[in-house]
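A short write-up of the structure that comes next.
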Protein chains: 2
Amino acid sequence: MFSQACKYAIRAVLYLAVHASEGKKAGVKEVSAALDVPKYFLAKILQQLSRNHLISSTKGPSGGFYLSEQNREATLKEVVECIDGPDVFNSCILGLPVCSSENPCPLHVQAFAYREGLHYQLKHQAIGDLAKRIEREEQKI
Amino acid sequence: MFSQACKYAIRAVLYLAVHASEGKKAGVKEVSAALDVPKYFLAKILQQLSRNHLISSTKGPSGGFYLSEQNREATLKEVVECIDGPDVFNSCILGLPVCSSENPCPLHVQAFAYREGLHYQLKHQAIGDLAKRIEREEQKI
DNA sequence: TTAATAAAAGATTTTTTTGTCTTTTATTTT
DNA sequence: AAAATAAAAGACAAAAAAATCTTTTATTAA
Ligand code: FES
Ligand code: FES
């Protein structure tokens, strides 16, 4: 479903949402250590998210990555599409050129349900809200 | 979700289920042309399925691939696991070392539900039955 | 205002996946 | 028995994804 880079991106964004803020930024080193993810690879991913304004960053001492209030209103769908491209949620699970209910592949009904369930959550839940839920329910990142 | 090889495998097996039989075998050339899939790559995939007794084959003139009656009783789950390995249906969508409802990641609930829907179909529907449904409902492969 | 810090950017390397080509082996038809 | 056919096997090449390293730029704290 998601590329390795995209999995790292989602986890990193959620980590930032929970553990960082404008006043308490987190560096690549901290995030990569906390999530047990390759440091330099993660750096690239965070850069890409930053360029696309899905996370915020500042250079220099006491600099690092964090989520602005605006960033917290975005959704993971945007994060996913920033890394894996725009077709993640509408491509056929068997790789047919188009996915549609009019011309369904044999797995379409189930695959579509799965994909849409996930899509719906990622699309409608703000990252900030997700973070609160993670803290409340003590979910793993 | 599925590797390219696995997508090709599923489609090829379904093609054989619909268009081939012990009396009317299909060669790599036919299948790759019908599904618009790289020939030599598909050959490797069919070999692997054949070695694992998920499809049948014979060499020589009028040889080719087909599904025996026994093959038709198998499921696509077995095909998928033959190509992509045994963890496809129980690994965390975010790549955490284990996926469980006790230690869920933030996407677990949706991801699990979605995955299980698909898993259930692939696990409980015999390839032979799927083929009949494909013919009946004129689904695309 | 200098030194230290940390992200940004760029260039490379490694690994995995995908795809191709050639040779061998089994089978069948002539 | 010989020729033709088609899968099996093995070796290889190309492309994509993942991971690493180095240099540059911006910022801040001393
Ligand atoms: S057509 Fe294949 S998943 Fe929709
Ligand atoms: S724990 Fe992540 S999908 Fe189950």
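Note on naming: letters A, B, ... go to the chains in the order of the sequence lines (proteins, then strands), and numbering restarts at 1 for each one. Since we're looking at a predicted model, the values are computed, not measured.
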Do T75(B) side-chain atoms and L122(B) backbone N/O form a donor-acceptor pair below 3.5 Å?
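Yes.
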When you measure from the side chain of S32(A) to the backbone of V28(A), do you find a donor-acceptor pair of N or O atoms at a distance under 3.5 Å?
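Here the side-chain-to-backbone pair exists.
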Candidate list I45(B), I10(B), V88(B), test side-chain contact (heavy atoms from CB on, under 4.5 Å), partner I83(B), passing option
I45(B)
Just the rounded figure in Å: distance from [atom2] of [N] to [atom1] of [X].
X	N	atom1	atom2	value
L46(B)	dG19(C)	CG	C1'	14 Å
L16(A)	dA7(C)	CG	P	11 Å
F41(A)	dA19(D)	CZ	P	5 Å
I45(A)	dA7(C)	CD1	P	14 Å
L42(A)	dA17(D)	CG	C1'	16 Å
L35(A)	dA19(D)	CG	P	14 Å
Y66(A)	dT27(D)	OH	C1'	13 Å
I55(A)	dA7(C)	CD1	P	10 Å

Counting side-chain heavy atoms from C-beta on, which of [options] comes nearest to [X]?
X	options	result
K44(A)	dA11(C), dT18(C), dT20(C)	dA11(C)
S50(A)	dA19(D), dA8(C), dA18(D)	dA8(C)
F65(B)	dA7(D), dA7(C), dA18(D)	dA7(D)
P61(B)	dT25(C), dA8(C), dT5(D)	dT5(D)
Y8(A)	dA19(D), dT20(C), dA29(D)	dA19(D)
Q47(A)	dA9(C), dA7(C), dA8(D)	dA9(C)
K59(B)	dA6(D), dA19(D), dT27(D)	dA6(D)
S57(B)	dG19(C), dA7(C), dA8(D)	dA8(D)

Hey, which of these two, P38(A) or G64(B), hits DNA chain D nearer its 5' end, going by closest nucleotide?
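Taking each residue's closest nucleotide, the earlier one in sequence belongs to G64(B).
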With a 4.0 Å limit, can you tell me whether T58(A) has a side-chain N or O closer than that to the phosphate oxygens OP1/OP2 of dA6(C)?
no
When you measure from the side-chain N and O atoms of R51(B) to the phosphate of dA7(D), is any distance below 4.0 Å, counting only OP1 and OP2?
no
Going through the checks in order, is the side-chain contact (heavy atoms from CB on, under 4.5 Å) test met by Q121(B) and L107(A)?
CA-CA 8 Å; Q121(B) 178 187 19; L107(A) 303 188; 3.8 Å; yes
Would you say the base of dA6(D) and the side-chain of K25(B) have a donor-acceptor pair closer than 3.5 Å?
no
So for K39(A) and dA19(D), does any side-chain atom that can act as donor or acceptor lie under 3.5 Å from a complementary atom in the base?
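Side chain to base: no pair present.
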Under the side-chain contact (heavy atoms from CB on, under 4.5 Å) rule, what do N52(A) and E78(A) come out as? Steps first, then yes or no, please.
CA-CA 10 Å; N52(A) 288 83; E78(A) 297 172 70; over 6 Å; no
For the residue pair E30(A) / Y15(A), report whether a side-chain donor-acceptor contact shorter than 3.5 Å exists.
yes
